[in-house]
2 protein chains.
Amino acid sequence: MEPALQWNDSPAACLHGLGVSACADCRVRQISVCAALDPHELTEIDSLSHPTAFPAKSTLFTQEDPASAVFNITEGMVRLYKLLPDGRRQIVGFALAGDFLGLALLDRYGVSADAITDTKVCRFSRSAFTAFLDKKPHLLRRLHEFASHELSLAQDQMVLLGRRTADERIAAFLMSLKERFARIGHTSITLPLPMSRQDIADFLGLTIETVSRTFSKLAKSGVIVVVPDGVRLTNLAQIKALATR
Amino acid sequence: MEPALQWNDSPAACLHGLGVSACADCRVRQISVCAALDPHELTEIDSLSHPTAFPAKSTLFTQEDPASAVFNITEGMVRLYKLLPDGRRQIVGFALAGDFLGLALLDRYGVSADAITDTKVCRFSRSAFTAFLDKKPHLLRRLHEFASHELSLAQDQMVLLGRRTADERIAAFLMSLKERFARIGHTSITLPLPMSRQDIADFLGLTIETVSRTFSKLAKSGVIVVVPDGVRLTNLAQIKALATR
DNA sequence: CGCGCCATTGACTCTGGTCAACGCTAGTGG
DNA sequence: CCACTAGCGTTGACCAGAGTCAATGGCGCG
């Protein structure tokens, strides 16, 4: 168990030195980029890491800002998005525990990121991280694998946005989120949906009304049950069929 | 000048030993992944490379097939796409000279690729290439930069597919293609469009009819002139305005 | 010359968007 | 303790942008 923490309201509370999220007992180590590191390297990167907490709705970084830091998410959920000048928004991904933000290592962020739930991260200064990376090709290799995986997810999302109906989008969204939660140890049939309907709509290229109507339709036909902050997937086979059609 | 070549109809004609596309006088070296290599390394990779020609409409590789090779495109244009079981297609990108196919280095291809025009590539066995990569971290770093750039393009495409109108999609497509052609030395106001209307539609998440109508509409309003296998961008400012709105 | 492929255009349809009303819940303050 | 409000989600009625279906045109090729 971690020690109980007093959460304050200021964004990005740094927890360094509080014995929090030390690499040694990091819950996401095996599934994060850090899995590429041996015990000695783990102590090295531990000393570079700044464990930090972001309360729900706070901003991790904003598109076009100088990329001073990169992040390894240890807990919570983050939305990554781009805005058009007139305010239209496209969410390009939801980041979960184990995900890495700032993969591109560019000097400016390509997207904006804010916490959906209370979120904990390991923050690294980008310069320190890239310097460490230059000494550890196997870590770079792992980072490249993560980036390739992201690219693959992005291509799947292009298929969804370009060629799928509203029903299929919702089904595919539920299936892929279920699989991602399973990877981080949450295997329940009840899928938490901490993001708002607007977030889901902006991820799937729909409107909030269409998302709501589609949930209702799926609920009426018995394949899901809508519960507060989530859905119960009562007919997985049917959802999978819709998702992969 | 290269020696004149007799093109035969067989796909994937190997030009090895014909003095074609040697790294020393490779036209795309400075903009491709190879720019990370010094002269000595260039001779090393030269010996791994199989210069190969793919005639228009031939297949480079197919989604889910074992990824035996990776490719550096030196000339031509390739479409990368995914298919749904019922035949719906989403083109996830057009690859031009200087682009690298197989960035993910996974053991199966994540997309299918076929040549739109006659295309020349440097083909590498994936195992040989990854072995070389293990000795050259700076090449891995360059590959990672390429993958990150691809990811960024994919995110832009998600915004386009999720949140832009047909007019905006066409305008954004023309602008980004123009910029990519400019990078490889083609700066004319007349933009070649070697791909079919169906290809454009499947890239932009539209139908062939909507693409055609939108071209006609833009032509009628004077911002483009449709020419055989391309368009002349007669009012760049207007197109850019539409594209970034 | 005539066939086949691709692109264009028109008429009509439909999926998903827009606009609006309403309900539920949590938070606030009298 | 409850009235009031604000924010989010749901639902209904209507609308419009893009899709579908079909006819026609243009061009390259055998």
Side-chain angles (χ1 to χ4, degrees), chain A residues 9 55-57 79 84 86-91 116-117 160-173 192-221 224-231 242 245, chain B residues 9 55-57 79 84 86-91 116-118 160-174 191-221 224-232 242 245:
Chain A
D9 287 342
K57 291 169 192 171
R79 64 176 163 246
L84 291 175
D86 62 4
R88 282 176 287 178
R89 182 179 71 157
Q90 178 67 40
I91 291 184
I116 292 173
T117 63
L160 181 148
L161 293 170
R163 287 296 178 234
R164 300 181 97 103
T165 65
D167 293 3
E168 292 168 358
R169 292 183 200 201
I170 294 286
F173 167 64
L193 296 176
M195 72 291 281
S196 70
R197 292 289 187 268
Q198 187 65 64
D199 287 341
I200 298 174
D202 286 348
F203 183 55
L204 299 180
L206 300 170
T207 58
I208 185 175
E209 292 93 336
T210 299
V211 171
S212 187
R213 273 189 257 271
T214 305
F215 274 140
S216 299
K217 187 171 135 192
L218 290 176
K220 199 166 294 179
S221 72
I224 65 171
V225 177
V226 180
V227 299
D229 300 316
V231 291
L242 251 183
R245 163 182 336 159
Chain B
D9 287 343
K57 291 170 193 169
R79 65 175 162 246
L84 292 175
D86 63 3
R88 282 175 288 177
R89 183 178 70 157
Q90 178 68 39
I91 291 184
I116 292 172
T117 64
D118 290 348
L160 181 147
L161 292 170
R163 287 295 178 234
R164 300 181 95 100
T165 66
D167 293 5
E168 292 167 357
R169 293 183 199 201
I170 294 285
F173 168 65
L174 296 177
L191 186 65
L193 296 176
M195 72 291 282
S196 70
R197 292 289 188 267
Q198 186 66 64
D199 287 340
I200 298 174
D202 286 348
F203 183 56
L204 299 180
L206 301 170
T207 59
I208 185 176
E209 292 93 335
T210 299
V211 171
S212 189
R213 274 188 258 269
T214 306
F215 274 141
S216 298
K217 186 170 136 193
L218 291 176
K220 198 167 292 178
S221 70
I224 66 171
V225 178
V226 180
V227 300
D229 299 315
V231 290
R232 178 172 289 264
L242 250 182
R245 166 192 324 170

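Below, chains carry the letters A, B, ... as their sequence lines are ordered, and counting in each starts from 1. If you're wondering where the values come from, they're calculated on a predicted model, not measured in any experiment.
- Nearest-nucleotide positions on DNA chain C for B:Val211 and A:Arg164 put B:Val211 closer to the 5' end.
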Pairs under 3.5 Å (N/O, protein and nucleotides 28-30 of chain D):
none

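- If you take CG of A:Leu206 and P of D:dG17, they are 18 Å apart, rounded to a whole angstrom.
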Query raised in the report: Does the side chain to side chain contact (heavy atoms under 4.5 Å, CB included) test come out yes or no for B:Phe203 and B:Met195, once each step is laid out?
Result: CA-CA 11 Å; B:Phe203 183 56; B:Met195 72 291 282; over 6 Å; no
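- Look at NZ on A:Lys220: it is 12 Å from C1' on D:dG12, rounded to the nearest Å.
- Residue A:Val226 is the one, among A:Val226 and A:Arg163, whose nearest nucleotide of DNA chain D lies closer to the 5' end (criterion: closest heavy atom).
- Taking atom CG of B:Asp229 as the reference point, atom P of D:dC27 lies 12 Å away to the nearest angstrom.
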Report task. Verify side chain to side chain contact (heavy atoms under 4.5 Å, CB included) between A:Val211 and A:Phe173, making sure each step is shown before the conclusion. Result -> CA-CA 11 Å; A:Val211 171; A:Phe173 167 64; over 6 Å; no
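- Which of D:dT11, C:dA7, C:dG17 sits closest to the side chain of A:Ser216 comes down to D:dT11.
- Not one N or O on the side chain of A:Arg164 forms a donor-acceptor pair closer than 3.5 Å with the backbone of A:Arg169.
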Query raised in the report: What's the verdict on side chain to side chain contact (heavy atoms under 4.5 Å, CB included) for B:Arg163 and A:Asp202, showing C-alpha distance, side-chain angles and the deciding distance?
Result: CA-CA 8 Å; B:Arg163 287 295 178 234; A:Asp202 286 348; 2.8 Å; yes
Atom pairs, protein N/O to nucleotides 18-23 of chain C N/O, distance under 3.5 Å:
{"unit_1": "C:dT18", "atom_1": "O4", "unit_2": "A:Arg213", "atom_2": "NH2", "d": "2.7"}
{"unit_1": "C:dC19", "atom_1": "N4", "unit_2": "A:Glu209", "atom_2": "OE2", "d": "3.0"}

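- Going from atom CZ of B:Arg197 over to atom P of D:dG19 covers 16 Å, rounded to whole Å.
- When all heavy atoms are compared, the tightest approach of B:Val226 to B:Ala219 is CG2-CB, 4.3 Å.
- The two residues A:Ala201 and A:Thr207 come nearest to each other via the heavy atoms CB-C, 3.5 Å.
- Between the B:Ser212 side chain and the B:Ile208 main chain, no donor and acceptor come within less than 3.5 Å of each other.
- Contact annotation for A:Ser212: base contact, defined as any heavy-atom pair under 4.0 Å involving a base atom.
- Between the P atom of D:dC8 and the CZ atom of A:Phe215 lies a distance of 17 Å, rounded to the nearest Å.
- One interatomic measurement links the two molecules: CD1 of A:Ile170 to P of C:dT15, which rounds to 17 Å at whole-angstrom precision.
- Nearest nucleotide to the B:Ala166 side chain, out of D:dT10, D:dA18, C:dA7: D:dA18.
- What separates CG of A:Leu204 from C1' of C:dG16 is a distance of 13 Å, to the nearest Å.
- A straight line from CD of B:Glu168 to C1' of D:dA18 spans 14 Å, rounded to a whole angstrom.
- Environment of CZ in B:Arg232: sparse, with no more than 12 heavy atoms of neighbouring residues, nucleotides or ligands closer than 6.0 Å.
- At the phosphate of D:dG17, neither OP1 nor OP2 sits under 4.0 Å from any side-chain N or O atom of B:Thr165.
- With sequence neighbours left out, the side-chain hydrogen bond (donor to acceptor under 3.5 Å, both in side chains) criterion links B:Asp229 to no other residue.
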